[in-house]
Amino acid sequence: MDWSDPKYDELAKQDFLRSEIVADLRAGRYDRVHTRFPPEPNGYIHIGNAKAIWLNYCIARDFGGKFNLRFDDTNPVKEEKEFIDSIIRDVAWLGADCEGRVFYASDYFQQMYDWARDLINKGKAYVDDLSADEISQHRGNLTTPGRNSPWRERPVEENLDLFERMKNGEFPDGAKVLRAKIDMAHPNMNMRDPLMYRIIHAPHPHAGDKWCIYPIYDWAHGLEDSIEGITHSMCSIEFENHRPLYDWFLIELGIYKPRQIEFARMNVSYTIMSKRYLKMLVGENRVSGWDDPRMPTIAGMRRRGYPARAIQDFLERAGIAKKANTIAFELLESCVREELNRTAPRLMGVLNPLKVVVENLPEGHSEEFDAVNNPEDPAMGTRKVPFTREVYIEREDFMEVPEKKFFRLAPGREVRLRYAYLLTCDSAVKDSAGVITELRCHVDLASRGGNAPDGRKVKSTMHWVSATESVPAEARLYDRLFTVEDPSGEEGKFLEHLNPDSLKVLKDCRLEPAATNLRAGDRVQLERLGYFAADQDSEPGRLVLNRTVTLRDSYTKGK
RNA sequence: AGUCCCGUGGUGUAGAGGUUAUCAUAUGGGCCUUUGGAGCCUGUGACGGCGGUUCGAAUCCGCCCGGGACUACCA
């Protein structure tokens, strides 16, 4: 590879990560690029994780390198097979292709064990009998140095023996740990004789019951990277203080050392990114599951109808830096709309049907109009939409006493039924409670197709469906899950900010007949209403649509 | 309080000693429209502060202020 090629100057300009990598390559510190995404399988991945996935994948791709998916499965009590499966699925769906390189840290446990023995032999690690509480007390705090454990100077042979017996299951959980011998007075707390192994008698989702001692992150992570030949180990900013330790282990062991570089994790307004909190939402049934369309998870967004390409676009537009940041949820929605506007076929559907009787059409009247599938893409063709004497319009599209700036249907007012006719409302019929039950209207027969021969204009074009030749559907309308920009601002209070109206279910929607072709996952635009995705809960004859995002709306916005 | 990191429009981001300080999103106005969509035009809006270096500083240096991470047998 010729890293002096000017094309790498361009890459270097994209963000500080690529810039650092180009510098490393040109200085000869590494001769290739190999990245990884190392999730712990303790939950579904969310949009924040997606940033790490996408950036690691794209950087490898840009430099002609490789990208690994690796499970950092070092804590069996928190990890599950379901999460392993979901992560593999979601990473692939997102578009980050690891070319089948799926690894498990737990497959490296033997090697890690051997290296731990090396460290013991070098007098750089020891078995500690202190309890968790005692260790914590000995650690000191931010301003005061820690104290050495009484077991710190155990002879090498004894450490070796004890460590082996820990591995063999001779001790209960918590009885002993293996620690690195560094410096209990180090200003960086992470360097105060960090733990390397703890005893956990629990089955592991990948390794089974092979082990009862498990490596801790700081000890394990660099080794995993080293084993896989990772060149640049990019992680979020909270690991910055861990980098000295990452380096320390690899240097003491004398093995290949990748470079850890930290970037700021991404927050998105009106949602949360903490896996612990997301888990709580699922556990307490505040949402229907990890894939609830309101969740910031990849599975949730997929079900909601967000295209992978839109998420990628969002991630790229959000950029990479080290500054704490909160990306506007509106940017995500904007990316979703942009993608869907290009790709989603249009359909007409009525969420809240209001019957319209076209009185100057004969009983049993039926005809068809051609409708454009996507005005942004003529190649998507047209379809037929049936029109009959009775149609449904959106209840919101009629006002008996129209307010200012409302220019849809009202008594005596003429509007266009898209693709069909110009329609004028003659009267509204009400029930005993005063609720409007139907509209009596007439159309201008000369306006077939939507334009009157005299060229007169109407202020509004409305969507509609035939009352008799339409199909029923349920629509699930989603709003932001939280009512405040930063729900996790105060520790533990995020549940108080849950939006009680984040889900609204409409069960009596009507869609034009073409909707019968929709299958779970298909995305459409319901004209004037927004983008919708067919949900997996759909049944034959009963479609369930998730509203992905509304259309931009300058009418309600102005109010 | 100790160590480390970070401060550019509301939000996010570009900027590498000389620019009318980039772009996106959001927001105001207008045009166009058989989706109050899309598109097009346009307005508002930022270098945390103070010193220093320099002919010249968002950019280099110092101090201050502000924000973040770390005190798990989590990752």
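Computed from heavy atoms alone, side chains included, the values below leave out hydrogens, waters and symmetry copies. As the structure is a prediction and not an experimental result, all values here were calculated from the model. Labels below follow one simple rule: chain letters A, B, ... track the order of the sequence lines, proteins then strands, and each chain is numbered from 1.
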Asker: Can you tell me the Watson-Crick or wobble partner of B/A38, both distances under 3.5 angstrom?
Answerer: none
Asker: Looking for any heavy atom pair under 4.0 Å, which part of the strands does A/Leu529 touch: base, sugar-phosphate only, or nothing?
Answerer: nothing
Asker: Do the side-chain N or O atoms of A/Ser554 get closer than 4.0 angstrom to the phosphate oxygens (OP1, OP2) of B/G37?
Answerer: yes
Asker: Which is true for A/Glu240 with a 4.0 Å heavy-atom rule: it touches a base, it touches only sugar-phosphate, or it touches nothing?
Answerer: sugar-phosphate
Asker: With heavy atoms under 4.0 Å as the rule, sort A/Phe407 into base, sugar-phosphate or nothing.
Answerer: base
Asker: State the pairing partner of B/U19; accept Watson-Crick or G-U wobble contacts with both distances under 3.5 Å, and report none otherwise.
Answerer: none
Asker: Starting at the 5' end of RNA chain B, which residue's closest nucleotide do you reach first, A/Glu338 or A/Glu527?
Answerer: A/Glu338
Asker: So what does A/Asn141 touch, heavy atoms closer than 4.0 Å: a base, only the sugar-phosphate, or nothing?
Answerer: base
Asker: Among the nucleotides B/G36, B/A75, B/C70, which one has an atom lying closest to any side-chain atom of A/Phe239?
Answerer: B/A75
Asker: Across the strands shown, which category fits A/Ile216 at heavy-atom distances under 4.0 angstrom: base, sugar-phosphate, nothing?
Answerer: sugar-phosphate
Asker: Check whether the side chain of A/Arg346 and the base of B/U35 form a donor-acceptor pair under 3.5 Å.
Answerer: yes
Asker: What's A/Pro375 touching, base or sugar-phosphate or nothing? Going by heavy atoms closer than 4.0 Å.
Answerer: base
Asker: For A/Leu331 and A/Ala132, take the nucleotide of RNA chain B holding the closest heavy atom to each; which residue's nucleotide lies nearer the 5' end?
Answerer: A/Leu331
Asker: OH of A/Tyr197 versus P of B/A72: gap in Å, rounded?
Answerer: 22 Å
Asker: Once you round it to whole Å, what is the distance between C1' of B/A72 and CG of A/Leu195?
Answerer: 9 Å
Asker: Take the protein atom CZ of A/Arg408 and the nucleotide atom P of B/U35, then report the distance between them rounded to whole Å.
Answerer: 14 Å
Asker: Looking at A/Glu134 and A/Ser131, would you say the former's side chain and the latter's main chain have a donor-acceptor pair under 3.5 Å?
Answerer: yes
Asker: Base, sugar-phosphate alone, or nothing: which one does A/His242 contact when heavy atoms must sit under 4.0 Å apart?
Answerer: base
Asker: State yes or no: are the ring centers of A/Phe83 and A/Phe71 separated by less than 6.0 Å?
Answerer: no
Asker: Mind checking if A/Ala328 touches a base, just sugar-phosphate, or nothing, with heavy atoms under 4.0 Å?
Answerer: sugar-phosphate
Asker: Is there a Watson-Crick or G-U wobble partner for B/U53 with both distances under 3.5 Å, and if so, which one is it?
Answerer: none
Asker: When the C1' atoms of B/A16 and B/A1 are compared, how many Å lie between them, rounded to an integer?
Answerer: 36 Å
Asker: Without swapping roles, check the side chain of A/Glu512 against the backbone of A/Val385 for a donor-acceptor pair under 3.5 Å.
Answerer: no
Asker: Counting the atoms with a prime plus P, OP1 and OP2 as sugar-phosphate, which does A/Ala264 contact under 4.0 Å by heavy atoms, base, sugar-phosphate, or nothing?
Answerer: nothing
Asker: Please tell me which of the listed nucleotides, B/G37, B/G36, B/C74, lies nearest to the side chain of A/Leu551?
Answerer: B/G37
Asker: Are any of A/Thr74's side-chain N or O atoms less than 4.0 Å away from OP1 or OP2 of B/A75?
Answerer: yes
Asker: Name the nucleic acid region contacted by A/Phe16, choosing base, sugar-phosphate or nothing; use a 4.0 angstrom heavy-atom cut-off, strictly under.
Answerer: nothing
Asker: In the structure shown, which nucleotide is the Watson-Crick or G-U wobble counterpart of B/U71, with both distances under 3.5 Å?
Answerer: none
Asker: B/C70 and B/A75: how far apart are their C1' atoms, nearest whole angstrom?
Answerer: 14 Å
Asker: Does A/Arg317 place a side-chain N or O at less than 4.0 Å from the phosphate oxygens OP1/OP2 of B/A14?
Answerer: no
Asker: Regarding A/Asn141 and A/Thr144, do their side chains bring together a donor and an acceptor under 3.5 Å, going by distance alone?
Answerer: yes
Asker: Which nucleotide, if any, forms a Watson-Crick or G-U wobble pair with B/A24, using both distances under 3.5 Å?
Answerer: B/U11
Asker: Rounding to an integer number of angstrom, what distance separates B/G12 and B/C6 when you compare their C1' atoms?
Answerer: 15 Å
Asker: Taking any heavy-atom pair under 4.0 Å as a contact, classify A/Leu142: base, sugar-phosphate, or nothing.
Answerer: base
Asker: Could you tell me whether the side chains of A/Tyr217 and A/Glu40 share a donor-acceptor contact shorter than 3.5 Å?
Answerer: no
Asker: Ignoring hydrogens and angles, does a donor from either the side chain of A/Gln525 or the base of B/U35 sit under 3.5 Å from an acceptor on the other?
Answerer: yes
Asker: Would you mind telling me which of B/A26, B/C73, B/U13 lies closest to the side-chain atoms of A/Val177?
Answerer: B/C73
Asker: So, does A/Ser136 get its side chain near the phosphate of B/U71, meaning an N or O under 4.0 Å from OP1 or OP2?
Answerer: no
Asker: Which part of the nucleic acid, if any, lies within reach of A/Thr326 when heavy atoms closer than 4.0 Å are counted: base, sugar-phosphate only, or nothing?
Answerer: sugar-phosphate
Asker: Which whole-number value in Å describes the distance from A/Asp73 CG to B/C74 P?
Answerer: 15 Å
Asker: Would you please confirm or rule out a distance under 4.0 Å between OP1 or OP2 of B/C74 and any side-chain N or O of A/Arg198?
Answerer: yes
Asker: Whether A/Arg139 contacts B/C73 is assessed here as follows: a side-chain N or O lying under 4.0 Å from the phosphate OP1 or OP2. Is that the case?
Answerer: yes
Asker: Let's test this: given Watson-Crick or G-U wobble pairing with both distances under 3.5 Å, identify the partner of B/G66.
Answerer: B/C6
Asker: Could you check whether A/Trp290 and A/Glu82, counting side-chain N and O atoms only, form a donor-acceptor pair closer than 3.5 Å?
Answerer: no
Asker: Does the separation of the ring centres of A/Tyr270 and A/Phe482 fall below 6.0 angstrom?
Answerer: no
Asker: Should A/Lys323 be listed as having a side-chain N or O under 4.0 Å from OP1 or OP2 of B/U8?
Answerer: yes
Asker: Base of B/G10, side chain of A/Glu485 - is there a donor-acceptor contact under 3.5 Å?
Answerer: no
Asker: Students often mix this up, so state it plainly: with edges at 30° and 60°, are the rings of A/Phe369 and A/Tyr421 parallel, tilted or perpendicular?
Answerer: perpendicular
Asker: Measuring from the side chain of A/Asn341 (C-beta onward, heavy atoms only), which nucleotide among B/G37, B/A72, B/G12 has the closest atom?
Answerer: B/G37
Asker: If we ignore angles and hydrogens, is there a donor and acceptor under 3.5 Å between the side chains of A/Tyr44 and A/Asn49?
Answerer: no
Asker: Roughly how many Å apart are B/U8 and B/G45, using the C1' atom of each and rounding to a whole number?
Answerer: 13 Å
Asker: Starting at CH2 of A/Trp464 and ending at P of B/U35, how long is that distance when rounded to a whole Å?
Answerer: 15 Å
Asker: Can you tell me which nucleotide in B/A72, B/U71, B/U35 comes closest to the side chain of A/Met189?
Answerer: B/U71
Asker: Partner of B/U59 by Watson-Crick or G-U wobble geometry, both contacts under 3.5 Å, or none?
Answerer: none
Asker: Which nucleotide in the list B/G12, B/G36, B/U25 gets nearest to the side chain of A/Ile327?
Answerer: B/G12
Asker: Under 4.0 Å between any heavy atoms, over every strand shown, what does A/Leu340 touch: base, sugar-phosphate, or nothing? Just pick one.
Answerer: nothing
Asker: Please give, in whole Å, the distance from B/A75 P to A/Asn42 CG?
Answerer: 9 Å
Asker: So, does A/Lys459 get its side chain near the phosphate of B/G36, meaning an N or O under 4.0 Å from OP1 or OP2?
Answerer: no
Asker: At 4.0 Å (heavy atoms only), tell me whether A/Asn451 reaches a base, stays on the sugar-phosphate, or touches nothing.
Answerer: base
Asker: Just how far, in rounded Å, is C1' of B/G36 from NZ of A/Lys404?
Answerer: 18 Å
Asker: Can you check whether A/Asn241 has a side-chain N or O nearer than 4.0 Å to OP1 or OP2 of B/A69?
Answerer: no
Asker: Taking the same atom, P, in B/C55 and in B/C4, what whole-Å distance lies between them?
Answerer: 34 Å
Asker: Is A/Asn42 close to A/Lys275 at the side-chain level, that is, under 4.5 Å between some pair of heavy atoms?
Answerer: yes
Asker: How many whole angstroms separate atom OH of A/Tyr270 from atom P of B/G12?
Answerer: 13 Å
